[in-house]
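To start, the structure under review is shown below, and the notes come after it.
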Amino acid sequence: MVKNAYQHLGLLKSATLAEIETAYALKSYQQTDNKQYTEAITILRDKTLRAKLNVLTPFYLPEKWTMAEINCLDESKLVLDNLHGKLKPIESELAWQNMLSGTAYYYRGEFNLALENFLKAEVSLLTDCHLHFNLALTYTKLAQTEKASAYFKNSLPLLDYIELGLCYQIFSLNRKELADLLLTKKAVDSKAYWEVLEILNKEQNLSLAEQVWQKAAKEHPDNLDLYFYVLQICLAETDFTKATTYFHLLNSKFSSSKPAREAARLLTKMGLDWYYNFWHLQEYVTAIKILGQVASINQKYEKLLAKSVTAFLQSQPKNEDKLKIEPEILKANSFCNLY
């Protein structure tokens with residue numbers, strides 16, 4: 001069997017332009033020269049297998065080969081299969097050459113030429129989801145979002161959980177579909193949830209982030225770091241009351257754990273910053289309520305709460321404002337018997 005450049009590349013998801021060119025060069029190697037071939041393919045595979053997942057990288061895998069299958073392949077076996085010509089033949093080499101050429105142009109930033117080659121490949125690969133993903137990426141680069149969205153829909157089954165999160169940043173017209181998948185598809189591990197939560201925080205979709213967190217925490221009830229991630233969501237929402245409520249619920253479940261101690265430290269620092277800012281702005285009611293929550297986390301600040309309440313009451317505030325912080329007044333009163 002005559003292997004094409006695509007097959008020589010070793011069924012990899014991503015490669016640099018130089019690696020693609022190397023794959024073409026490998027076509028000239030004789031199968032009988034096992035040493036030279038093995039050295040070349042090993043160097044190529046070592047570089048690409050260690051590459052970090054990047055959803056912005058075009059695919060050029062045939063539809064029948066999934067990333068799950070490839071990730072489970074033993075590298076030495078893959079090399080031997082290449083050497084002995086055991087890879088399944090591809091019906092049309094030209095389509096895959098167009099796919100590789102499109103990928104090369106994409107890496108160069110020549111997106112019109114990339115699109116031209118991908119569209120040529122589409123003539124033979126009408127239903128290939130990986131090609132559709134390449135077209136979606138390319139149309140996105142060309143600011144043709146509606147065409148990108150149409151092609152991207154066909155690629156959704158390809159994506160793992162982290163890739164769904166990454167695509168949430170890229171394909172603005174498909175966010176509803178992506179959000180639904182993030183809430184229904186299961187991640188392979190807690191780290192994948194963590195990375196997606198980071199993306200959603202960055203995108204300021206905190207409501208979706210909280211729903212994803214609830215799903216992740218249910219699936220990984222003993223993962224302390226993940227369990228306390230909701231506090232970051234609350235702080236991003238600038239909702240200190242909500243953060244404090246979550247903290248007490250989580251602390252009751254994981255008391256004296258390292259995440260609980262770190263969360264207490266973080267919330268104390270953030271709460272004090274907000275308290276001083278609001279106090280400086282003469283927003284005394286808000287400042288005292290926040291300080292009351294800080295004191296519920298760290299008793300060290302009960303004395304500061306008492307002093308703040310005393311100063312506030314001495315300013316002769318309105319009765320309606322006093323009612324708003326009645327719990328804090330009672331707490332301060334019990335602490336130092338103000339009345």
Side-chain angles (χ1 to χ4, degrees), residues 13-14 48-57 59 66-68 70-72 133 137 152 155-172 174-271 273 297:
K13 174 184 173 183
S14 62
T48 50
L49 280 180
R50 294 189 177 94
K52 181 176 173 60
L53 171 70
N54 181 0
V55 78
L56 297 178
T57 301
F59 286 88
T66 68
M67 282 307 299
I70 291 161
N71 288 334
C72 291
F133 187 83
L137 286 176
F152 178 66
S155 303
L156 284 172
L158 292 174
L159 305 177
D160 63 25
Y161 201 80
I162 296 175
E163 289 176 320
L164 289 172
L166 291 168
C167 284
Y168 189 89
Q169 297 176 293
I170 304 166
F171 298 101
S172 58
N174 300 89
R175 284 193 160 184
K176 175 63 170 62
E177 297 159 289
L178 288 165
D180 290 342
L181 284 170
L182 287 171
L183 293 175
T184 55
K185 190 168 185 174
K186 189 173 181 178
V188 293
D189 54 30
S190 60
K191 182 181 177 182
Y193 281 120
W194 184 282
E195 292 192 35
V196 168
L197 287 169
E198 292 279 278
I199 291 168
L200 295 176
N201 265 346
K202 184 177 179 181
E203 292 298 306
Q204 288 294 299
N205 192 333
L206 302 174
S207 174
L208 178 58
E210 189 168 353
Q211 292 179 71
V212 168
W213 173 82
Q214 290 170 346
K215 176 176 180 287
K218 185 176 180 180
E219 290 180 17
H220 300 275
D222 297 322
N223 188 297
L224 301 186
D225 291 327
L226 177 61
Y227 231 84
F228 279 88
Y229 192 95
V230 71
L231 302 181
Q232 292 189 39
I233 298 172
C234 295
L235 293 177
E237 291 176 317
T238 65
D239 192 336
F240 195 76
T241 300
K242 188 176 181 181
T244 306
T245 302
Y246 266 119
F247 170 79
H248 289 302
L249 288 172
L250 298 173
N251 191 45
S252 65
K253 179 173 176 140
F254 302 108
S255 60
S256 301
S257 66
K258 183 177 179 181
R261 294 194 301 272
E262 287 297 309
R265 183 192 61 78
L266 173 65
L267 290 177
T268 297
K269 182 181 181 302
M270 294 291 295
D273 288 344
I297 297 170

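Small disclaimer: the values here were computed from a predicted structure and weren't measured.
Salt bridge annotation for Glu198-Lys202: absent, with no cationic side-chain nitrogen under 4.0 angstrom from a carboxylate oxygen.
No hydrogens or angles considered: nothing links the side chains of Tyr246 and Asp239 as a donor-acceptor pair under 3.5 Å.
Ile162 is not listed as a side-chain neighbour of Val188, based on a closest heavy-atom distance of 4.5 Å or more. Side chains of Val230 and Leu250 form a contact here, defined as non-hydrogen atoms less than 4.5 Å apart. For the pair Leu181 and Tyr161, the minimum side-chain heavy-atom distance is 4.5 Å or more. At a threshold of 4.5 Å between non-hydrogen side-chain atoms, the residues Tyr193 and Glu219 count as touching. Looking only at side-chain heavy atoms (C-beta outward), Glu163 and Asp160 come within less than 4.5 Å of each other. The shortest distance between side-chain heavy atoms of Ile297 and His248 falls below 4.5 Å. Taking the side chain as every heavy atom from C-beta outward, Val212 and Leu200 approach each other to under 4.5 Å. Residues Phe133 and Leu159 form a side-chain contact, since some pair of their non-hydrogen atoms from C-beta on lies under 4.5 Å apart.
Atom-to-atom distance recorded for Ser252:OG and Phe247:CZ is 10.0 Å, nearest 0.5 angstrom. Note that CD of Gln211 and CG of Leu206 are 11.5 Å apart. Values are rounded to the nearest 0.5 Å. In this structure, CG on Asn205 lies 11.0 Å from CG on Leu197, to the nearest 0.5 angstrom. Rounded to the nearest 0.5 angstrom, Ser190 OG and Leu226 CG are separated by 6.0 Å. Interatomic distance, Arg175 CZ to Ile170 CD1, rounded to the nearest 0.5 Å: 10.5 Å. If you take CG on Asp225 and CD on Glu262, they are separated by 9.5 Å, rounding to the nearest 0.5 Å.
Across Ala209 and Asn201, no two heavy atoms sit closer than the pair CB-OD1, 4.4 Å. Among all heavy-atom pairs drawn from Ala243 and Leu235, the shortest one is CB-CD2, 4.3 Å. Here the shortest heavy-atom pairing between Arg261 and Ser256 reads NH1-O, 2.6 Å. Nearest heavy-atom pair, Lys186 versus Lys215, reported as atom, atom and distance to 0.1 Å: CA-NZ, 3.7 Å. Closest approach of Gly165 to Ile199, counting heavy atoms only: O-CG2, 3.3 Å.
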Run Leu164 and Val196 through side-chain contact (heavy atoms from CB on, under 4.5 Å) and show every step you take. CA-CA 8 Å; Leu164 289 172; Val196 168; over 6 Å; no
Test Phe171 against Leu166 for side-chain contact (heavy atoms from CB on, under 4.5 Å), laying out the working first. CA-CA 9 Å; Phe171 298 101; Leu166 291 168; over 6 Å; no
Step by step, work out the side-chain contact (heavy atoms from CB on, under 4.5 Å) result for Asn174 and Cys167. CA-CA 9 Å; Asn174 300 89; Cys167 284; over 6 Å; no
Tell me, with the steps shown, if Asp273 and Lys269 meet side-chain contact (heavy atoms from CB on, under 4.5 Å). CA-CA 6 Å; Asp273 288 344; Lys269 182 181 181 302; 3.5 Å; yes
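In this pair, Phe254 and Phe228 present their aromatic rings tilted. The plane angle is within the 30 to 60° band.
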